[in-house]
Amino acid sequence: MNEENPSSSFIQTWARRAITITFCVLLWLLLIAGFPVLLVLGALIDLVRAGPWIITRCSLFFPFYFTCEVIGILASFLTWLASGVWIGASRQRFLDWNFALQRWWAGTLCRGALRIFDITIEVEGTDELRDGPIIVFLCHASVADTLLPAVFIANPNGLKLRYVLKHELLWDPCLDIVGNRLPNSFVRRSSGDSYRVLELMKDLGPFDGVIVYPEGTRFSEAKRKLIIEQLERKGETYLCEKARMLNNVLPPRLGGPLNLLERNESADVVFCAHFGFDGVVDMRDSLKGSLVGRTVKVRFWRVPFEAIPKTRAERKDWLFDNWMRVDEWIGRQKINQVVLTSVTPRSNEFIRYD
């Protein structure tokens, strides 16, 4: 979007939405109309393949996903209409309703996906999420982990989360419409949009939180090696040494997180480590059945504002120390995975709290 030309930005935004909303509604209609046929064909294919019924599950998930999208689009319009913001009514009420819609959409989508793909999530440290203001640093392994903040932070505690999201997600109409009404930041990678991220720190209150993915992209071993090679070529000795110590996450991009911490006036920092979404990067991985029957583990821990170092240099070491803790926790889950799978019976509950 062009911040210097509002009319151009408006035209670009609604041209994009005309495409994405039309595509979404048409695809939803096709999926609903063809749902019985898709379900039967999916079941027949799965019977032949003798796999984990992945085609059948996808035949359920995609109509469900686009139904959530269409309901979200309709609800966003009704929210705008009923709020009266278009005739000068309270903007705060309009924002509150959109935060509630954001929480509903993400929570419904996540819970539906967990049931359809038979995924169990085990969570530790939810008592660390009771209130704000907080800055949450999450590791990033899959598109699926973007729903974790809504399910485990926003929904149970009523927190209003502000997200740092990649610009490409504007092609999801629900994220585009509702996300742009709220104080979220859609940024292009390596674009210098960091000033937008810093805007998220304004007026953080006791019911607010900022969600950041410090790695900037999803983890893979190839990306980890590439980053180390790039740091070596640039002569970044300190960062290269730190990056080599990480085996299960990418080194954090320091600029954004450190700038947020410099603007931080009172927020605690929450770190989130998770394991189980790894290896599921795109649609091909889902169609292979990579998610079916998985147990995903999530761990939160909180650092009080008073315990965050006061200088930038100290905060850099502190951030790497906590990111190393994320890396080590994920490493332990990998080691224990086979043993836990063989000796621990699965529960009928799809979310368990420890």
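Taking a 6.0 Å sphere around CZ of Phe23, one finds it holds 12 or fewer heavy atoms contributed by other residues, nucleotides or ligands. A 6.0 Å sphere centred on CG of Asp203 holds no more than 12 heavy atoms belonging to other residues, nucleotides or ligands.
Looking only at atom types and distance, the side chain of Gln92 has a donor-acceptor partner in the side chain of Asp96 under 3.5 Å away. Under the 3.5 Å distance criterion, with hydrogens and angles disregarded, a donor-acceptor pair is assigned to the side chains of Asp176 and Asn180.
Counting side-chain heavy-atom gaps under 4.5 Å among Ile, Leu, Val, Met, Phe, Trp and Tyr, the cluster of Ile19 also holds Trp171. Hydrophobic cluster membership for Leu41: Val37 (Ile, Leu, Val, Met, Phe, Trp, Tyr linked by side-chain heavy atoms under 4.5 Å, directly or transitively). Grouped with Trp80 in one hydrophobic cluster are Leu74, Phe77, Leu78, Leu81, Val85, Trp86, Ile87, Phe94, the linkage being side-chain heavy-atom contacts under 4.5 Å among Ile, Leu, Val, Met, Phe, Trp and Tyr residues. Within the hydrophobic cluster formed by Ile, Leu, Val, Met, Phe, Trp and Tyr side chains joined at under 4.5 Å, directly or through other members, Val48 stands alone, with no partner residue.
Partners of Glu241 according to the side-chain hydrogen bond (donor to acceptor under 3.5 Å, both in side chains) rule, which considers only residues two or more places apart in sequence or in another chain, do not exist here. Ser266 meets the side-chain hydrogen bond (donor to acceptor under 3.5 Å, both in side chains) test with no other residue; sequence neighbours excluded. Partners of Arg93 by side-chain hydrogen bond (donor to acceptor under 3.5 Å, both in side chains), not counting sequence neighbours: none found. By the side chain to side chain contact (heavy atoms under 4.5 Å, CB included) test, Lys225 is found to be paired with Glu221, residues two or more places apart in sequence or in another chain being considered. Residues satisfying the side-chain hydrogen bond (donor to acceptor under 3.5 Å, both in side chains) criterion with Asn264, sequence neighbours excluded, are absent altogether.
At least one donor-acceptor pair under 3.5 Å links the side chain of Lys223 to the backbone N or O of Arg218. At distances below 3.5 Å, at least one donor-acceptor pair connects side-chain atoms of Asn157 with backbone N or O atoms of Leu129.
Applying the salt bridge (Lys or Arg N to Asp or Glu O under 4.0 Å) test to residues at least two apart or on different chains, the pairs with a partner in residues 131-147 are Asp131-Arg302. Screening residues 248-272 for ring pair (Phe, Tyr, Trp, His ring centres under 6.0 Å) gives Phe137-Phe271, Phe271-Trp301, Phe271-Trp318 as the qualifying pairs, with residues at least two apart or on separate chains. Under the side chain to side chain donor-acceptor pair (under 3.5 Å) criterion, the residue pairs touching residues 18-40 are Trp28-Thr67, with sequence neighbours excluded.
By the 6.0 Å and 45° rule, Lys310 stacks over the aromatic ring of Phe305.
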